[in-house]
Amino acid sequence: MRSQGLLLAAAMMVPAVAEAQTAATPVPTISGTRLDIVAEGSVTRVPDIVTISAGVVTQAQTAAAAMSDNASRMAAVVAALKKAGVADRDIQTNAINLNPQYRYADNQPPVLTGYQATNQVSVKFRDIKRTGAILDALVAQGANQINGPNFGVDQPDAALDEARAQAIATARKRADLYARAAGLSVKRILAISEGEAASPPRPMPMMAMARMEKAADTAVEAGEQKLAISVTVSFELQ
């Protein structure tokens with residue numbers, strides 16, 4: 001019985017010993033000098049997608065009237081977008097708000113003057129050449145809040161991979177320069193970490209337009225967009 005107890009105790013100790021051995025795995029140390037380099041790689045692409053935020057703001061003496069007028073005008077805006085070729089999946093409601101409006105005077109309690117209703121949608125489309133025409137159509141159908149356009153790249157993965165390769169090449173080049181200046185050489189890479197440095201889409205200023213007479217088509221130029229990646233690379237020099 002005693003021998004069986006010893007065997008059982010020994011068997012119970014095996015996982016603990018194995019776990020202790022796993023936890024005690026030594027972390028490799030460096031014998032040379034550590035050098036940390038932060039480098040950026042970037043590429044440019046012509047934008048192929050546009051996002052516009054369009055809204056309707058209405059005011060009325062009652063909440064129901066403000067919401068009713070707003071809903072009617074927003075329906076016309078959405079219909080204009082669909083007529084312009086924007087797909088249903090690319091029109092998304094961002095916010096619907098109803099707020100009381102007050103008049104304030106010195107030493108007087110605020111007086112309710114009416115209600116303001118706001119309905120805003122996010123619009124995404126891929127025919128950039130039609131941006132100006134779509135903006136004009138939005139205004140013509142009653143949109144009096146427009147934010148954008150924001151230009152972007154719909155499938156940026158391949159471009160960002162180019163930026164990553166460029167960032168690593170730049171980091172290695174700088175490491176070689178520092179090593180030579182210090183009379184050393186690059187032995188190996190110890191670690192690489194990535195931090196996105198991509199420029200956000202370029203927005204145009206918000207336009208608040210209650211009424212605008214169309215003098216000419218709105219001109220919009222997409223230009224180019226920069227996509228960038230930042231990397232931190234740790235080297236061992238010897």
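What you are looking at is a predicted structure, and each value in this text was computed from that prediction instead of being measured.
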Peer 1: Any heavy-atom pair between the side chains of Val56 and Thr118 that's under 4.5 Å?
Peer 2: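 A side-chain contact is absent here, since even the closest heavy-atom pair is not under 4.5 Å.
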
Peer 1: If hydrophobic clusters are built from ILVMFWY residues whose side chains come within less than 4.5 Å, do Leu138 and Val57 share one?
Peer 2: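 They do not share one cluster, since no chain of ILVMFWY contacts under 4.5 Å joins Leu138 to Val57.
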
Peer 1: Say you draw a straight line from CG of Asn144 to CZ of Arg73; how long is it, rounded to the nearest 0.5 Å?
Peer 2: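 Those atoms lie 5.0 Å apart.
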
Peer 1: Considering only Ile, Leu, Val, Met, Phe, Trp and Tyr, and joining two whenever side-chain heavy atoms are under 4.5 Å apart, list the other residues clustered with Met67.
Peer 2: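 So far as hydrophobic clustering goes, Met67 is joined with Ile96, Leu98, Tyr102, Tyr104, Leu112, Tyr115.
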
Peer 1: Can you list the residues that meet the side-chain contact (heavy atoms from CB on, under 4.5 Å) rule with Ala65, with sequence neighbours excluded?
Peer 2: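 Ala65 satisfies side-chain contact (heavy atoms from CB on, under 4.5 Å) with Ala60, Thr62 once adjacent residues are dropped.
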
Peer 1: Any side-chain heavy atom of Leu227 sitting closer than 4.5 Å to one from Val153?
Peer 2: yes

Peer 1: Could you work out, with side-chain hydrogen bond (donor to acceptor under 3.5 Å, both in side chains) as the rule, every residue matching Ser122, not counting sequence neighbours?
Peer 2: none

Peer 1: Using atom types as modelled, flag every donor-acceptor pair under 3.5 Å from a side chain in residues 42-49 to any protein atom, sequence neighbours excluded.
Peer 2:
{"residue": "Arg45", "atom": "NH2", "partner": "Glu162", "partner atom": "OE1", "Å": "3.4"}
{"residue": "Arg45", "atom": "NH2", "partner": "Glu162", "partner atom": "OE2", "Å": "2.8"}
{"residue": "Asp48", "atom": "OD1", "partner": "Asp154", "partner atom": "N", "Å": "2.7"}

Peer 1: Taking only residues two or more places apart in sequence, or in another chain, which ones meet Ala95 in a side-chain contact (heavy atoms from CB on, under 4.5 Å)?
Peer 2: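 Per chain and number, Ala95 pairs via side-chain contact (heavy atoms from CB on, under 4.5 Å) with Asn97.
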
Peer 1: What heavy-atom pair brings Ala137 and Ala80 nearest, and what distance separates the two atoms?
Peer 2: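 Result for this residue pair: O-CB, 4.4 Å.
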
Peer 1: Side chains of Ser234 and Arg34 only: does a donor on one sit below 3.5 Å from an acceptor on the other?
Peer 2: yes

Peer 1: Ile134 vs Val86, test: side-chain contact (heavy atoms from CB on, under 4.5 Å). Steps then yes/no.
Peer 2: CA-CA 9 Å; Ile134 289 177; Val86 180; 4.2 Å; yes

Peer 1: Under the rule for side-chain contact (heavy atoms from CB on, under 4.5 Å), what residues qualify as partners of Ala167, not counting sequence neighbours?
Peer 2: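 Checked Ala167 against side-chain contact (heavy atoms from CB on, under 4.5 Å); matches are Val231.
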
Peer 1: According to side-chain hydrogen bond (donor to acceptor under 3.5 Å, both in side chains), who are the partners of Asp161, at least two apart in sequence or on a separate chain?
Peer 2: Arg164

Peer 1: Which distance, rounded to the nearest 0.5 Å, do you find between the CG of Asp136 and the OG1 of Thr131?
Peer 2: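 Reported value, rounded in 0.5 Å steps: 11.0 Å.
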
Peer 1: Would you check if Glu40 and Ile229 make a side-chain contact, meaning some heavy-atom pair closer than 4.5 Å?
Peer 2: no

Peer 1: With sequence neighbours left out, write down each residue that passes side-chain contact (heavy atoms from CB on, under 4.5 Å) with Glu236, or none if nothing qualifies.
Peer 2: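 Partners of Glu236 by the side-chain contact (heavy atoms from CB on, under 4.5 Å) criterion, ordered by chain and then number, come out as Ile30, Ser31, Lys187, Arg188, Leu190.
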
Peer 1: Going by the salt bridge (charged side-chain N to carboxylate O under 4.0 Å, His left out) test, which pairs reach into residues 101-119, not counting sequence neighbours?
Peer 2: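 Applying salt bridge (charged side-chain N to carboxylate O under 4.0 Å, His left out) to every pair that reaches into residues 101-119, excluding sequence neighbours, yields nothing.
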
Peer 1: In terms of hydrophobic clusters joined by side-chain contacts under 4.5 Å, are Phe125 and Val139 together?
Peer 2: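 Looking at the clustering, Val139 is in the same group as Phe125.
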
Peer 1: List the steps, then state whether side chain to side chain donor-acceptor pair (under 3.5 Å) holds for Ser53 with Gln120.
Peer 2: CA-CA 7 Å; Ser53 177; Gln120 194 169 57; 3.3 Å; yes

Peer 1: According to side-chain hydrogen bond (donor to acceptor under 3.5 Å, both in side chains), who are the partners of Asn119, at least two apart in sequence or on a separate chain?
Peer 2: none

Peer 1: Atom NZ in Lys124, atom CG in Leu81: separation rounded to 0.5 Å?
Peer 2: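 Reported to 0.5 Å precision, the distance equals 14.0 Å.
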
Peer 1: With sequence neighbours excluded, what pairs up with Asp90 under the salt bridge (Lys or Arg N to Asp or Glu O under 4.0 Å) test?
Peer 2: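 Counting only residues at least two positions away or on another chain, Asp90 forms a salt bridge (Lys or Arg N to Asp or Glu O under 4.0 Å) with Arg126.
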
Peer 1: Can you confirm whether Val186 sits close enough to Leu237 that some side-chain heavy atom of one is under 4.5 Å from a side-chain heavy atom of the other?
Peer 2: yes

Peer 1: Less than 3.5 Å apart, which donor and acceptor atoms pair up between the side chains of residues 170-181 and the rest of the protein, not counting sequence neighbours?
Peer 2:
{"residue": "Thr170", "atom": "OG1", "partner": "Gln166", "partner atom": "O", "Å": "2.9"}
{"residue": "Arg172", "atom": "NE", "partner": "Asp176", "partner atom": "OD1", "Å": "3.3"}
{"residue": "Arg174", "atom": "NH1", "partner": "Val38", "partner atom": "O", "Å": "3.0"}

Peer 1: Tell me whether Ser72 contacts the main-chain N or O of Asp69 through its side chain, where contact means a donor paired with an acceptor under 3.5 Å.
Peer 2: no

Peer 1: With rounding to the nearest 0.5 Å, note down the distance linking CD1 in Ile37 to CD1 in Ile168.
Peer 2: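 So the CD1 of Ile37 and the CD1 of Ile168 are separated by 11.5 Å.
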
Peer 1: Between atom CZ of Arg130 and atom CG of Leu135, what is the distance when rounded to the nearest 0.5 Å?
Peer 2: 11.5 Å

Peer 1: How far apart are the closest heavy atoms of Val77 and Gly142, and which atoms are they?
Peer 2: CG2-C, 4.2 Å

Peer 1: Is the closest side-chain heavy-atom distance between Ile146 and Ile52 below 4.5 Å?
Peer 2: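 Yes - at least one pair of side-chain heavy atoms lies under 4.5 Å apart.
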
